[in-house]
Amino acid sequence: MAQEKSMAIPEFLSKAELIKQGAEARVYRAEFLGKPTIVKERFPKRYRHPVLDEKLTHRRTVQEVRSILRCRRAGISAPIVYFVDYTSHCIFLEEIVGSSTVRDHIASTRQSDCSKELGWLAERVGQILAKMHEEDVVHGDLTTSNMLLRHQEDGESELFLIDFGLSYISALPEDKGVDLYVLEKAFLSTHPNTETLFERLLESYAAASKKSSAVIKKLDEVRLRGRKRSMVG
Ligand code: AMP
């Protein structure tokens, strides 16, 4: 019976639309129980020992689901988890219909010379990350591609966090500081000359959380270590 169930998933995926083929996972768009759904399938990596690979893949799937649920319980927008299959390592998630990545939004807004609008977005990102860190969720892969913006009819926009595959639970300011450092590196290389915008994001992060000063202190330390390393290199 269990085998029959797991057989149904490859068949389901064969009819779904593949939207991303990554090194660790494939992402599909499909309809599941009548709802627009994103399926993330982690596949086996042949270069890893099968037992180790199974353990790692299982852990990443568990961590991803756990972090999404923890965020949603705290009122942080992240896709609803519809279904998880631990045999085929598939997570079925709510598709955030009508959304674009924050990366694309920043790029197109800067091109259309409406850059002032982006201050609001930077503040919103700072607030949502402060809330996520207050829940002790460390994302592990913060980039502007892992944030979605859904534009609503009333002109408001809702910000969602996605792709928690490298996330974990930690209360340590150092882990949260590194999370912000990863974002800073990704942000400034994807969107050149946005230092002021990123500073605004950090100010908003700092204002939104009581625990933020220890995190920002760690971020400064990690930045300094990064600078020293690049000088030696
Ligand atoms: P990921 O590997 O999880 O970062 O997903 C790859 C891409 O699929 C993202 O950059 C988004 O464009 C899209 N995507 C992932 N999850 C969702 C979702 N829940 N709703 C809409 N699009 C998504």
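Note: hydrogens, waters and symmetry copies are ignored here, and every other heavy atom, side chains too, is used. First listed ligand is number 1; within each ligand, the first listed atom is number 1.
- Checked against a 3.5 angstrom limit, the closest N/O atoms of D163 and ligand 1 fall inside it.
- Taking every heavy atom of N146 and a limit of under 4.0 angstrom, the matching atoms of ligand 1 come to 4 (O).
- Taking the six-membered ring where the residue is Trp, the centroids of F92 and F83 are separated by under 6.0 Å.
- Of the options G165, S145, P36, A78, the smallest heavy-atom separation from atom 10 (O) of ligand 1 is shown by S145.
- Taking the six-membered ring where the residue is Trp, H139 and F164 present tilted rings, their angle falling between 30° and 60°.
- Closest protein heavy atom to atom 12 (O) of ligand 1: T101 CG2, 4.0 Å.
- A cation-pi arrangement is found for K45 relative to F43, the charged atom lying closer than 6.0 Å to the ring centre and inside a 45° cone about the ring normal.
- Among protein heavy atoms, the minimum distance from atom 19 (N) of ligand 1 is reached at E94 O, 2.9 Å.
- The residue V97 has no part lying near ligand 1, judged by heavy-atom distances below 4.0 Å.
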* **Residue pair I9, E41: steps toward the side chain to side chain contact (heavy atoms under 4.5 Å, CB included) verdict** => CA-CA 10 Å; I9 293 205; E41 178 199 28; 5.9 Å; no

* List the steps, then state whether side chain to side chain contact (heavy atoms under 4.5 Å, CB included) holds for F198 with L188. => CA-CA 8 Å; F198 193 77; L188 298 180; 4.2 Å; yes

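- Interface of E95 with ligand 1, defined as ligand atoms under 4.0 Å from a residue heavy atom, comprises 20 (N), 21 (C).
- Side-chain N/O atoms of Y205 and Q127 include no donor and acceptor closer than 3.5 Å.
- Short contacts between ligand 1 and P79, defined as distances under 4.0 Å to a heavy atom of the residue, involve ligand atoms 19 (N).
- Scanning the protein for heavy atoms near atom 5 (O) of ligand 1, the closest one is V27 CG2, 3.9 Å.
- The main-chain N or O of H133 is found under 3.5 Å from a side-chain atom of K176 such that the two form a donor-acceptor pair.
- Scanning the protein heavy atoms around atom 17 (C) of ligand 1, the nearest turns out to be I38 CG1, 3.7 Å.
- Distance from atom 8 (O) of ligand 1 to its nearest protein heavy atom, with residue and atom name: I19 CD1, 3.8 Å.
- Close contacts between ligand 1 and K40 involve ligand atoms 3 (O) [criterion: under 4.0 Å to a heavy atom].
- Of the candidates L148, I162, T143, it is L148 that places a heavy atom closest to atom 22 (N) of ligand 1.
- Under the 30°/60° scheme for interplanar angles, the aromatic rings of H151 and H105 are found to be tilted.
- Here the protein heavy atom with the shortest distance to atom 6 (C) of ligand 1 is K20 CD, 3.4 Å.
- Judged by distance alone, with hydrogens and angles left aside, the side-chain atoms of E94 form a donor-acceptor pair with the main-chain N or O of I80 at under 3.5 Å.
- Considering backbone and side-chain atoms alike, I96 places an N or O below 3.5 Å from some N or O of ligand 1.
- Between Y86 and H58, the ring planes are tilted. Angles from 30° to 60° get that label.
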